[in-house]
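Have a look at the structure below, then the notes.
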Amino acid sequence: MIQSWSRTLIPTAKEAPSDAESPSHKLLTRGGYIRRVTAGVYDYLPLAWRVLTKISNIVREEMDAAGASELFMPVLVPIEFYAGTKRDEAYGDLLFKLTDRKGMVNALGPTHEETITELTKAGVASYKQLPLNLYQIQTKFRDEARPRAGLLRGREFIMKDAYSFHMGVEGPGGLNEAYDAMYRAYVNIFTRCGLSFTAVEAESGPIGGSASHEFMVNCESGEDTVLTCPASGYAANVEKCEIGPRPSDLHAAPAGDLQEVHTPGLPGIDQVGEFMKVKTRNMLKTIVFRVVEDRQGRGLRWVLATVRGDHDVNEGKVKAASGCTVELAPEKDAHAAGFAIGYVSPRAAKHHHTLLLIDPDACPPAEKPPFWVTGSDRKDHHVKYFNWKRDVGEAMLNDPAKVKVADVRNALAGDPSPRSPGAKLEARRGIEVGHIFKLGTKYSEAMGFSILNEKQERQPVIMGCYGIGVSRVMAACVEMSHDENGIVWPLPIAPYHVVITPMKVEPTSEAMRVACELSGRLAAAGFDVLIDDRDERPGVRFKDADLIGVPIRLTIGDKSLAEQSVEFKLRSDTQGKGEMVKIDSVVSRCLGTA
RNA sequence: CGGGGCGUAGCGCAGCUUGGUAGCGCGUUUGGUUCGGGACCAAAAGGUCGGAGGUUCAAAUCCUCUCGCCCCGACCA
C-alpha cells in the first residue's frame, strides 16, 4: 500500500491542546491521529484508522483461529433487554439512554450480553449446536462520570466483545476449554501487536461470573496496579491479589494503659495520625460492612474489618472471609445501630450479630508489645495503647463465631507471595486492554435461555465473555512506546511501515523518481509506504516523521543518491544517524527488520 | 457526585483587577530569499470574546443565570 502525505489528512501540530495530559492523548492529537469532538468522544483520522484496522485484523485472525465467528449487532438496544437482567440499574447513569419518536426508551450498548443471548436463544434450539463462540468489533458507549486521558477512558470506544455458549463447564466443548482457548488467543493477539503485557487474575466485576483474567499493558502511567510473584509467576490485580501466610498473635501484652485522646474535627486517618504524632502503621482502622446476605445462615447483620492504618480493606476478601454478601455500611444505618463511624474500634464487634475480621498485620507477633492507636467508639475521640487481649477480651477473641483473623486487605509490594514461600510480591502499573470472564448461567437464567441436554434435561446455557478494548490498545501502545519526539510504533500495528522522505519533491527530480520506484518495490514486498511529498523544509518533515512514529524512515538526498543509496533509519534508534543502504538492497534491509 | 480550574482566530496564550469598540506567537494564504532536524523578509485572510439576561452613554472586562471542557478524588470494562 502506497500513500502520498499530501493526498491524505495528517494534521500535525507543534503544540498539544491544553486539555491533553497523558502522553497518548497529546501525541495522538499532535500527530494528527485523533481529534476530540466532545468529552470522551473522538474522530479517528486516517492514521488512527489504519492502526485500528491493523489491530482489528490481528484480533480477527486470532479469534477466527480460536474457533470464534464474527457477527455484528446493533448499537441501539431496547432498554427492556437491560431491564431484564437488572443491568439498567446496575449500570445506572453509565448507560446512555435515548427515547425514540414513539416514546420507546433505548440504550446505546455498553456491552452486548443481553443482545447476544436474545439472539442465540432464538437461533440455538439444540445442544448439538453448542459450543458456540461469537464476536463483534463494535463501537461501545458508556457515559463515564469522568472521561479522561483521551482514548484511554472514553465515552465512545471500539471494543471486540466475544461470547461463548456451552452445555457444560468441563471437558470437550465446555466453558473451560473455550476460556483457555481465549486466553491463548489473547496472548497471541497482544504479542502480535508488539505489546509488553501481563495476564493477571482479576475480580469479575459487575458483569458477574466466576473466574476472570485481565490483560494489562505494562506501563508506568497505567491506572491499575498489578502484583506479581517473581518466583512462581503468579500475577493478580490489587482487588484480587492474595497475600501469603503471615503470623499473628492476639494475645500480646499491652504496651501501656489505655488512654483516651480528644481528636476533634479530624476527618481522615492521616490527619488523626498527624495530630497525635503517630505513624499510620501504628494505627488500626475498622471498617463497618452491612450484611446483605449471610450465606451460612448465622443471622449476621454486620461485619467489621480491622486493618493497619496504612493498609486498605479489600471488600472482596471481606466477603470471602465472612461468607457473607456485604456492602460498605451506609453511614446512617451504621450510626443507628450504634457504630461511631469514623471512630469505630474493634471493640465495637461486641454488638450482637457482628463478626470481626482482623488482618494479620493488625495483630502481628512482636518481641516488644505493639503500640496501637484506634478509635474510641465515640465521636471525636481516639485511644492510645489499645491491646487486643485486654480491650476486646479473651472470651471474644477465642470465639470463632465472633472473631476471625484473615487476609482482608489489599496486597502491596513486599508482601509475602501466596504461591511461593519466601518470595515477595512486586508491584507494577498497567493499562487494562483485555478481560476474559467465565459468566456461568447469570444471563441465561435471567433471560430464560435453557435447552435440553443429551439426557433430555432442561438446563440453562453456560456462558463466557471476552473483551478487548481495541481503541484502548492503540492508546496503551503509545503510552508504552514513545519518546520526547513522538510515538514509536511496533511494526505490526504502525499505520505505515516505511516513510520515504525525498529531499526534492518536484515530480521530475531524481529523488522523487527513486522514491516512487522504491515504494513500488516495498509495497510489492508487503510494506505500507508513506511518501512525504510535501514541499516542506527537511527539519519539518523529519520532526513530523518522528512524531507520527513510522518505524522505518528512508531519506533520499543528493548525498545518498551520489552513492546509489538511501539513508535508512529506524524510529526506535534515537541517536543513530542512519545508515547508507544501496537502493537495490533497501527491500531486503527492510524485510530484515520485520 | 465532592473539590479545583478554564472557555478570547485552527492550536497555544495575553487583555479582565481599574469598562472606551480585540491583540501576540504558531499555523494558513500570496510574493520573494532560502533548503539535511520545526528558516527569513514583506503583505494578507481569519474572532457573534461559550450562551442568555442585566447594569451602563458604552461590556471580552462588572452582576445573575446557564452550557461546555479539563484536572484531583469517588466510581469504573
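Because only heavy atoms are used, hydrogens play no part in the values below, and waters and symmetry mates are left out as well, while side chains stay in. Here is how names work: the chains are called A, B, and so on, in the same order as the sequence lines, proteins then strands, and each is numbered from 1.
Once rounded to the nearest 0.5 Å, the distance linking CD1 of Ile556(A) with CZ of Arg513(A) reads 9.5 Å. With values rounded to the nearest 0.5 angstrom, Leu195(A) atom CG is found 9.5 Å from Ser481(A) atom OG.
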With a 3.5 Å cut-off and sequence neighbours excluded, list the donor-acceptor pairs that the side chains of residues 493-504 of chain A form with protein atoms.
| residue | atom | partner | partner atom | Å |
| --- | --- | --- | --- | --- |
| His497(A) | ND1 | Asp528(A) | N | 2.8 |
| Lys504(A) | NZ | Asp558(A) | OD1 | 3.4 |
| Lys504(A) | NZ | Asp558(A) | OD2 | 3.0 |

For residues 563-570 of chain A, which side-chain N or O atoms pair as donor and acceptor with protein atoms under 3.5 Å away, sequence neighbours left out?
| residue | atom | partner | partner atom | Å |
| --- | --- | --- | --- | --- |
| Ser565(A) | OG | Glu563(A) | O | 2.8 |
| Lys569(A) | NZ | Asp573(A) | O | 3.1 |

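Comparing G37(B), C71(B), C69(B) by their nearest atom to the side chain of Arg155(A) picks out C69(B). Distance from the side chain of Arg35(A) is smallest to C11(B) among C11(B), G38(B), C70(B). In this structure, of A77(B), C71(B), G38(B), it is C71(B) that holds the atom nearest to the side chain of Glu21(A). Ranking A77(B), C11(B), C70(B) by closeness to the Ala39(A) side chain, first place goes to C70(B).
Checked against salt bridge (charged side-chain N to carboxylate O under 4.0 Å, His left out), Asp143(A) has the following partners two or more places apart in sequence or in another chain: Arg155(A). For Arg541(A), the side chain to side chain donor-acceptor pair (under 3.5 Å) criterion is met by no residue, not counting sequence neighbours. Applying the salt bridge (charged side-chain N to carboxylate O under 4.0 Å, His left out) criterion to Glu536(A), with sequence neighbours excluded, gives no partner residue. For Lys285(A), the salt bridge (charged side-chain N to carboxylate O under 4.0 Å, His left out) partners are Asp312(A), not counting sequence neighbours.
Judged as a ring-ring contact (aromatic ring centres under 6.0 Å, His included), the pairs with a partner in residues 8-38 of chain A (not counting sequence neighbours) are, in order, His25(A)-Tyr42(A), Tyr33(A)-Trp489(A). Residues in residues 22-38 of chain A take part in these salt bridge (Lys or Arg N to Asp or Glu O under 4.0 Å) pairs, two or more places apart or across chains: Asp19(A)-Arg36(A).
The stretch residues 550-566 of chain A touches RNA chain B through Arg553(A), Thr555(A), Gly557(A), each having a heavy atom within less than 4.0 Å of the strand.
Using atom P as the reference point in both G37(B) and C70(B), the two lie 38 Å apart (nearest Å). When the C1' atom is used for both C72(B) and U55(B), the distance is 37 Å, rounded to whole Å. Annotation: C6(B) and C16(B) have their P atoms spaced 15 Å apart (nearest Å).
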Carefully, step by step, assess Tyr179(A) and Tyr466(A) under the rule side-chain contact (heavy atoms from CB on, under 4.5 Å).
CA-CA 8 Å; Tyr179(A) 188 87; Tyr466(A) 319 93; 4.0 Å; yes
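Remark: Thr501(A) is not in phosphate contact with G36(B), judged by side-chain N or O atoms under 4.0 Å from OP1 or OP2.
Note on Asp532(A) versus Arg553(A): no salt bridge recorded, every NZ/NE/NH1/NH2 to OD/OE distance being 4.0 Å or above. Look at Glu113(A) and Lys442(A) and you find no salt bridge, because none of the NZ, NE, NH1 or NH2 atoms lies under 4.0 Å from a carboxylate O.
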Could you write out each protein N or O paired with an N or O of nucleotides 13-15 of chain B at a distance under 3.5 Å?
| residue | atom | partner | partner atom | Å |
| --- | --- | --- | --- | --- |
| C13(B) | OP2 | Ser18(A) | OG | 3.2 |

Nucleotide N/O of nucleotides 1-9 of chain B paired with protein N/O under 3.5 Å:
none

Would you tabulate the nitrogen or oxygen pairs shorter than 3.5 Å linking the protein to nucleotides 27-34 of chain B?
| residue | atom | partner | partner atom | Å |
| --- | --- | --- | --- | --- |
| U34(B) | O2 | Arg537(A) | NH1 | 2.7 |

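Looking at heavy-atom distances under 4.0 Å, Glu15(A) makes contact with a base.
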